[in-house]
Amino acid sequence: MRVIERDFYRRDPRTVAVELLNKLLLRDGRGGRIVEVEAYGGSNDPGSHAYRGPTERNATMFGPPGHLYVYFIYGTHWCCNAVCSEGTEAGAVLVRALAPLYGLDEMRARRLRGRRDRDLCSGPAKLCQALGIEGADDGADLVTGDRGIVIADDGTPSPAVPGQSPRIGLSAGITTPWRWYVPGEPNLSRPG
DNA sequence: ACCGGGATGTTCT
DNA sequence: GAACATCCCGGTG
């Protein structure tokens with residue numbers, strides 16, 4: 001089990017997204033395997049929060065790679081991204097689903113509505129709730145683990161042929177298929 | 001199983 | 001004032 005180093009993130013978000021599949025997202029020992037991701041930003045992406053330039057909310061996206069960009073959505077939910085690319089490119093990878101592996105009891109307790117284990121982390125806001133990621137974690141360093149949040153490699157390779165589809169929940173930027181997932185995985189935010 | 005709508009508040013126009 | 005990288009619940013079949 002090795003924490004992923006900074007240079008991994010210093011690339012195009014689409015490349016990073018595919019390679020993040022089957023890595024581990026962990027907070028204080030709880031978490032699981034990344035099974036669904038989406039890439040944002042980079043070259044002129046109208047679906048990205050960074051599209052209209054830096055603001056107070058998206059500042060972390062314009063910062064150094066290897067940090068966590070956390071945003072609040074629909075008045076109730078947090079979602080988290082791994083920042084990649086170099087500063088002005090403002091790329092990021094949204095983690096959309098985990099296969100839960102560690103700290104199951106604690107994740108169940110944090111997600112009162114999650115009856116079945118497949119409800120724990122099968123969505124971008126669900127997994128943040130299960131792991132306890134929220135606004136205060138925006139900007140956390142995934143390489144040093146300064147707030148207990150890391151992405152690690154346990155030797156499981158990314159799928160040779162990942163599933164691919166348009167991104168979910170957008171009104172702009174739905175034409176580009178920048179969502180990837182582990183084929184056949186039951187813990188997706190929605191089927192393939 | 002599938003579908004429709006409400007919650008809830010920050011961000012940006 | 002509208003949009004929003006979502007989730008949950010209660011309807012119906």
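Chain letters run A, B, ... following the sequence lines, proteins first and then strands; every chain starts at 1. Below, all heavy atoms of this structure are taken into account, side chains as well, without hydrogens, waters or symmetry copies. What you see is a predicted model, and the numbers here were worked out from it, not measured in a lab.
Taking a cutoff of 4.0 Å between a charged side-chain nitrogen and a carboxylate oxygen, R167(A) and D45(A) qualify as a salt bridge. Look at D154(A) and K23(A) and you find no salt bridge, because none of the NZ, NE, NH1 or NH2 atoms lies under 4.0 Å from a carboxylate O.
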Parsed dot-bracket for DNA chain C after applying the Watson-Crick and G-U rules with both distances under 3.5 Å and | for other-strand partners is ||||.|||||||.
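Cation-pi check for R6(A) over Y9(A) is not met; the charged atom does not lie both under 6.0 angstrom from the ring centroid and within 45 degrees of its normal.
To the nearest angstrom, P of dT6(C) lies 11 Å from CG of N81(A). Look at OH on Y51(A): it is 17 Å from C1' on dC4(C), rounded to the nearest Å. Here dT6(C) presents its C1' atom at 16 Å from CG of L188(A), a figure rounded to the nearest Å. Rounded to a whole Å, the OH atom of Y71(A) is 14 Å from the C1' atom of dA3(C). Taking atom CD of residue E36(A) and atom P of nucleotide dT6(C), one finds them 10 Å apart after rounding to whole Å. Distance R167(A) CZ to dC4(C) C1': 15 Å, rounded to the nearest Å. Atom CZ in R111(A) sits roughly 8 Å away from atom C1' in dC7(C) (whole-Å rounding). Rounding to whole angstrom units, CG of residue L127(A) and P of dT6(C) are separated by 12 Å.
Hydrophobic cluster membership of Y51(A), counting Ile, Leu, Val, Met, Phe, Trp and Tyr whose side-chain heavy atoms lie under 4.5 Å apart directly or via other members: none, as it forms a cluster of its own.
Neither side chain, N22(A) nor T156(A), offers a donor N or O lying under 3.5 Å from an acceptor on the other. Residues Q129(A) and R111(A) have side chains that bring a donor and an acceptor to within less than 3.5 angstrom of each other.
Considering only side-chain N and O atoms, R190(A) lies nowhere under 4.0 angstrom from the phosphate OP1 or OP2 of dA5(C).
Taking every side-chain heavy atom of S171(A) into account, dC4(C) is the closest of dC4(C), dC7(C), dA5(C).
Projected onto DNA chain C by closest heavy-atom contact, Q129(A) and L94(A) fall at different nucleotides, the more 5' of which corresponds to L94(A).
Comparing the P positions of dA2(C) and dG6(B) gives a spacing of 16 Å, expressed to the nearest Å.
If you check every strand for non-hydrogen atoms under 4.0 Å, S189(A) touches nothing.
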The contact string for nucleotides 5-12 of chain B, one letter per nucleotide 5' to 3', using protein heavy atoms under 4.0 Å with B, S and - for base, sugar-phosphate only and none, comes out as ---BBSSS
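Enclosure of atom CZ in R118(A) is not indicated, since only 12 or fewer non-hydrogen atoms of other residues, nucleotides or ligands lie within 6.0 angstrom.
The nearest pair of heavy atoms linking A97(A) to L127(A) is N-CD2, 3.6 Å.
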Kindly determine whether R27(A) and D137(A) satisfy salt bridge (Lys or Arg N to Asp or Glu O under 4.0 Å), including the steps that lead there. CA-CA 11 Å; R27(A) 177 179 208 152; D137(A) 299 307; 2.8 Å; yes
